[in-house]
2 protein chains.
Amino acid sequence: MDGLTERPARNGEHGATRRRLPPAERRKQIVDEAVRFFAEVGLEGKTRELARRLGVTQSLIFNYFATKDELIDAVYEKVYIGRLSPDWPERLTDRSVPIRERLLAFYSEYSALIFEWEWMRIFMFSGLAGASLNQRYLEHLGDVILRPLLAETEVLAHTDTPPKMEDVWNLHGGIAYIGIRQHIYRMPEPVKPQDEIARAIDKYLLFFGIDKEQ
Amino acid sequence: MDGLTERPARNGEHGATRRRLPPAERRKQIVDEAVRFFAEVGLEGKTRELARRLGVTQSLIFNYFATKDELIDAVYEKVYIGRLSPDWPERLTDRSVPIRERLLAFYSEYSALIFEWEWMRIFMFSGLAGASLNQRYLEHLGDVILRPLLAETEVLAHTDTPPKMEDVWNLHGGIAYIGIRQHIYRMPEPVKPQDEIARAIDKYLLFFGIDKEQ
DNA sequence: AATTCTATTGAGCAGATGATCTTTAAAAGC
DNA sequence: GCTTTTAAAGATCATCTGCTCAATAGAATT
């Protein structure tokens, strides 16, 4: 109506208006910002607001993604891909290393990934939305991480109550909940998350009478 | 344009069109359906779709709620109010009963409440949206349930590592994660959730060397 | 410096969405 | 049975939203 609609603001970088990026670079820029943006406001965040944050026009987004769903797919891909390192199954089952050490190493690395603000929130948003990626990720996690972990526990367990898959999920859930509290419920971060993880692991091992040095 | 916009469908109840309800009753009907609806699709669910499910016109909703936010507030109120029974703090600290029994009783009742599909999802949606109700609920939970629980644990603990608030959160989180897996991530429900809760509690007590009969 | 190529903008459309207001008709009072 | 009251429907508005497309201008090539 007024001819002033959707004028892009200055680009944050260097405070100068930077136009005409190479397509691959611009595409990456859009996806990166979209990850932050959707993590903050949810997948129903509006493309005009995203464009404003990018300092470009809204129509530019549709030059790189045919539909908003396609952009969301790119966000999913960026966030989900490479999250589960393929060498963990091997390291978790390396019996030359004490189980406690293996667990500490795994959850030290893994928590650094999943306690990330963007991952945690997009994972939750996509879970609520019923995205199949979410369920597939958890199935995969169960198959390549938790099930092997159960097998390791079974080998070492000394108690008469045999370990069950649910016990591994309980260990995992108790740790994941640290991130949920922080990033979804916005509660303060524990002073030393790594210590809490270690205690959760020790609680788990003790329950099955597993010696820490084993 | 065509004069056919937004004609309400038949009301599900008795298959008959039921019109002109007493205001209090209609209001309750709207809130009840809104709870289900928003739990399913999120708080950005559209009022027209809600009206369709109710079998009424969209404008009727705004006859009972000035704005959509006001409706959402009513949903929050309905879902949050009375969730934390006021007599739990007392029962959790009743030392004439063994701690394991107290914990089992509490989490048996509490999990029945929080493992509810609607609660779990609306709690998560409102948490992601940053609703203050969410943080206030968790603060309250920490104050009246978890902190007293820590005190009880401290009294009975036999180990040299003193229990910390984070340990109680870990117990709680591991249990809450059962519901999250089921209702947010849509994974299958554990066969016997009560058994898993019992195991989580035993794990917790064992870690602090607390005798189950104590 | 002129030309070409194409990343980006500017303008706008069609349908959706929260909200308003007038009209209709179900039920209570007489 | 007629009147009054008001719950609910019907119509519509202003704005928002995903998306399209022609016009513009930045940069590489010649």
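The basis for the numbers below is simple: all heavy atoms, side chains too, and nothing from hydrogens, waters or symmetry mates. Reminder, nothing fancy here: chain letters follow the sequence lines and each chain counts from 1.
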* Any sub-3.5 Å donor-acceptor pair from Arg91(B)'s side-chain atoms to Arg102(B)'s backbone N or O? -> no
Once you round it to whole Å, what is the distance between [atom2] of [N] and [atom1] of [X]?
{"X": "Lys28(A)", "N": "dA7(C)", "atom1": "NZ", "atom2": "P", "result": "19 Å"}
{"X": "Leu21(B)", "N": "dT6(D)", "atom1": "CG", "atom2": "P", "result": "16 Å"}
{"X": "Lys68(B)", "N": "dG18(C)", "atom1": "NZ", "atom2": "P", "result": "5 Å"}
{"X": "Arg26(A)", "N": "dA27(D)", "atom1": "CZ", "atom2": "P", "result": "11 Å"}
{"X": "Leu60(A)", "N": "dA25(D)", "atom1": "CG", "atom2": "C1'", "result": "14 Å"}
{"X": "Arg52(B)", "N": "dT17(C)", "atom1": "CZ", "atom2": "P", "result": "13 Å"}
{"X": "Ile72(B)", "N": "dT17(C)", "atom1": "CD1", "atom2": "C1'", "result": "13 Å"}
{"X": "Ile61(A)", "N": "dT20(D)", "atom1": "CD1", "atom2": "C1'", "result": "15 Å"}

* To do: Compare side-chain N and O positions of Tyr64(A) against OP1 and OP2 of dT8(C) and report whether any pair is under 4.0 Å apart.
  => yes
* To do: Indicate whether OP1 or OP2 belonging to dG10(D) is found under 4.0 Å from a side-chain N or O atom of Thr57(B).
  => no
* Asked: Using the benzene-type ring in the case of Trp, are the ring centres of Trp119(A) and Tyr137(A) under 6.0 Å apart?
  -> yes
* Structure fact -> Between Ser126(A) and Tyr76(A) the two heavy atoms that sit nearest each other are CB-OH, 3.3 Å
Looking at [options], which one has an atom nearest to any side-chain atom of [X]?
{"X": "Lys46(A)", "options": "dG18(C), dG10(D), dT17(D)", "result": "dT17(D)"}
{"X": "Val56(A)", "options": "dG18(D), dT9(C), dA8(D)", "result": "dT9(C)"}
{"X": "Pro23(B)", "options": "dT17(D), dA9(D), dA7(D)", "result": "dA7(D)"}

* What one-letter contact string describes nucleotides 20-30 of chain C from 5' to 3', where B marks a base within less than 4.0 Å of any protein heavy atom, S marks contact via sugar-phosphate atoms alone, and - marks no contact? -> B----BBS---
Pairwise side-chain contact, [X] with [Y], heavy-atom cut-off 4.5 Å (strictly under):
{"X": "Phe123(B)", "Y": "Ile180(B)", "answer": "no"}
{"X": "Arg83(B)", "Y": "Glu116(B)", "answer": "yes"}
{"X": "Gln194(B)", "Y": "Ser108(B)", "answer": "yes"}

* Salt bridge between Arg36(B) and Glu40(B), side-chain N to carboxylate O under 4.0 Å? -> no
